[in-house]
K.L.:
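One structure, as structure tokens, below. Some questions next.
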Amino acid sequence: MSQTSAEDGDKSAPKTGGAPLRYRRVLLKISGEALMGPGQYGIDNDTVKRIAGEVRDAKALGAEICLVIGGGNIFRGVSQAAQGMERASADYMGMLATVMNALAVQNALESIGVYTRVLSAIEMTAICETYIRRRALRHMEKGRIVIFAAGTGNPFFTTDTAAALRAAEMGCDALLKGTQVDGVYSADPKLDPKAERFERLSYHEVLMRDLKVMDQAAISLTRESGIPIVVFPIGEKGGVVGALTGQGASTVITDEKP
Ligand code: UDP
């Protein structure tokens, strides 16, 4: 099948107020929960379509995008292990959940003309390609959205760590972490009205204050690789483009001086 004609997908230009991109190549981490929409479990098709539209808009601005999608909407290894299941087996089930989510997002993106590849850290050749770093880089150079599935491929890890790892491997300029709120707070703003919101943080502050951004392994890895983390609201319209241009609400975690 020829990829070239539709490789650019949708040509509609999203509105940015003329703001340039702050980051050209980014890894977007979407948690499984972000795909649930109003539901308590599983995949909400309208929500997946909306997020796919956001990714298309960001791509239309010239960004090179790869995705890591969590699996918490379907299966979370830790919680199952707590109920008596062997942790490693539960984690493999969690990784399989991320593959289901990856296929749902791939489907939504391709239905709006955006070309994608799913690359799994665990070999499943009947379903998708196996992750090979150079192959992933080639897909990105060709303008495809690369969706990394099955986390790191190892139990006892999370998709946050997978996101940090793939961002480093792909040479990304930033890791965009979509959350339910508009940045990092000192406490859960839904529970504590006095929670302080941060515009900017260092990796050290995140680790020392034990702020719930991403797990510690992910923070350490992005720090070592010098990759800024941009925490932004994935539920808000234009959230991804806002994070890329710096025009939307977000918290930037970096050691660079502003
Ligand atoms: N998981 C794993 N290794 C990885 C990534 C994920 O074992 O490298 C498993 C783990 O059980 C985890 C589940 O997959 O709970 C789903 O991932 P995660 O909890 O990170 O998803 P999210 O919270 O982003 O939806």
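Just so you know, ligand 1 is whichever comes first in the structure, and atom 1 is the first atom listed for that ligand. Positions are given from 1 along the sequence.
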K.L.:
Cut-off 3.5 Å, side chains only: do Ser250 and Asp182 have a donor facing an acceptor?
P.N.:
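Not at all, the side chains of Ser250 and Asp182 share no donor-acceptor pair under 3.5 Å.
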K.L.:
Is it true that Ile145 and Ile51 fall in one hydrophobic cluster, defined by side-chain heavy atoms closer than 4.5 Å?
P.N.:
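Yes, Ile145 and Ile51 fall within the same hydrophobic cluster.
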K.L.:
Judging by distance only, is a nitrogen or oxygen of Lys29 under 3.5 angstrom from one on ligand 1?
P.N.:
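The answer is yes, given that Lys29 and ligand 1 share an N or O pair closer than 3.5 Å.
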K.L.:
Quick check: Ser31 and ligand 1, any N/O pair under 3.5 Å apart?
P.N.:
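No.
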K.L.:
For atom 13 (C) of ligand 1, find the nearest protein heavy atom and state the residue, atom name and distance (0.1 Å precision).
P.N.:
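For atom 13 (C) of ligand 1, the nearest protein heavy atom is Gly94 CA, 3.6 Å.
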K.L.:
Quick one: which ligand 1 atoms are inside 4.0 Å of a heavy atom on Gly72?
P.N.:
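Those of ligand 1 that fall under 4.0 Å from Gly72 are 21 (O), 22 (P), 25 (O).
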K.L.:
Among protein heavy atoms, which lies nearest atom 15 (O) of ligand 1, and at what distance?
P.N.:
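Here the nearest protein heavy atom works out to Gly77 N, 3.2 Å.
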K.L.:
Is the shortest side-chain N to carboxylate O distance from Arg197 to Glu199 below 4.0 Å?
P.N.:
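Yes, charged N to carboxylate O under 4.0 Å.
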K.L.:
Which ligand 1 atoms does Gly70 reach within 4.0 Å, using its non-hydrogen atoms?
P.N.:
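Counting atoms of ligand 1 from 1, those under 4.0 Å from Gly70 are 21 (O), 22 (P), 24 (O), 25 (O).
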K.L.:
What residue and heavy atom of the protein are closest to atom 2 (C) of ligand 1, and at what distance?
P.N.:
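It is Phe157 O, 3.1 Å.
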K.L.:
Can you tell me if Thr116 and Gln106 form a side-chain donor-acceptor pair at under 3.5 Å?
P.N.:
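On atom types as modelled, these side chains qualify, holding a pair under 3.5 Å.
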K.L.:
What about Thr152: any of its N or O atoms under 3.5 Å from an N or O on ligand 1?
P.N.:
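Yes; the residue has a nitrogen or oxygen that sits under 3.5 Å from a nitrogen or oxygen of the ligand.
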K.L.:
Considering all heavy atoms of both residues, which atom of Met214 and which atom of Ile219 are nearest to each other, and what is their separation?
P.N.:
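Nearest pair, atom of Met214 first, then Ile219: O-CG1, 3.8 Å.
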K.L.:
Quick one about Thr222 and Ser225 (side-chain donor to acceptor, distance below 3.5 Å, no hydrogens or angles considered), yes or no?
P.N.:
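Not at all, the side chains of Ser225 and Thr222 share no donor-acceptor pair under 3.5 Å.
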K.L.:
N/O of Pro155 under 3.5 Å from N/O of ligand 1, yes or no?
P.N.:
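No, Pro155 has no N/O under 3.5 Å of an N/O on ligand 1.
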K.L.:
Check this for me: does any side-chain nitrogen of one of Lys212 and Asp188 sit under 4.0 Å from a carboxylate oxygen of the other?
P.N.:
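Salt bridge flag = no for Asp188 with Lys212.
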K.L.:
Does Arg24 come within less than 4.0 Å of Glu64, counting only side-chain N to carboxylate O?
P.N.:
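Salt bridge between Arg24 and Glu64, a charged N being under 4.0 Å from a carboxylate O: no.
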K.L.:
So for ligand 1, is Asn73 a polar contact partner (N or O within less than 3.5 Å, distance only)?
P.N.:
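No, there is no polar N/O contact under 3.5 Å.
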K.L.:
Just need the protein heavy atom nearest to atom 9 (C) of ligand 1, so name the residue and atom and give the distance.
P.N.:
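It is Asp91 O, 3.5 Å.
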K.L.:
I need the nearest protein heavy-atom contact for atom 5 (C) of ligand 1: residue, atom name and distance, please.
P.N.:
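Checked against all protein heavy atoms, atom 5 (C) of ligand 1 sits closest to Thr158 C, 3.4 Å.
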K.L.:
Going by the order shown, which atoms of ligand 1 are within less than 4.0 Å of some heavy atom of Gly32?
P.N.:
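So the answer, numbered in order with elements, is 22 (P), 24 (O), 25 (O).
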K.L.:
Salt bridge or not between Arg76 and Glu33? Use side-chain N to carboxylate O under 4.0 Å.
P.N.:
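Salt bridge present between Arg76 and Glu33.
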K.L.:
Tell me which one of Ser89, Gly71, Ala150, Ala149 gets a heavy atom nearest to atom 16 (C) of ligand 1.
P.N.:
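Shortest heavy-atom distance from atom 16 (C) of ligand 1: Gly71.
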K.L.:
Using a strict threshold of under 4.0 Å (side-chain N to carboxylate O), is an ion pair present between Arg87 and Asp91?
P.N.:
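Result for this pair is yes, salt bridge flagged.
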K.L.:
What protein heavy atom lies closest to atom 20 (O) of ligand 1? Include the residue and the distance to one decimal.
P.N.:
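The closest heavy atom on the protein side is Thr159 OG1, 2.5 Å.
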K.L.:
Give yes or no for whether the N/O distance cutoff of 3.5 Å, strictly under, is met between Tyr92 and ligand 1.
P.N.:
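It does not: no N or O of Tyr92 is found under 3.5 Å from an N or O of ligand 1.
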K.L.:
Do you see a donor-acceptor pair shorter than 3.5 Å between the side chains of Asp44 and Tyr41?
P.N.:
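Looking only at side-chain atoms, Tyr41 and Asp44 do not form any donor-acceptor pair under 3.5 Å.
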K.L.:
When the ring centroid of Phe148 is compared with that of Tyr131, is the distance short of 6.0 Å?
P.N.:
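Yes, close enough.
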K.L.:
Considering non-hydrogen atoms of the protein only, which is the closest contact for atom 23 (O) of ligand 1, and what is the distance?
P.N.:
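Checking every protein heavy atom, the shortest distance to atom 23 (O) of ligand 1 gives Arg76 NH1, 2.8 Å.
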K.L.:
What is the closest protein heavy atom to atom 3 (N) of ligand 1, and at what distance does it sit?
P.N.:
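For atom 3 (N) of ligand 1, the nearest protein heavy atom is Asn154 O, 2.7 Å.
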K.L.:
Which ligand 1 atoms does Phe75 reach within 4.0 Å, using its non-hydrogen atoms?
P.N.:
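Listed by number with element, the hits are 13 (C), 16 (C).
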K.L.:
Closer than 4.0 Å to some heavy atom of Glu33 - which atoms of ligand 1 meet that?
P.N.:
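Ligand 1 atoms under the 4.0 Å threshold to Glu33: 25 (O).
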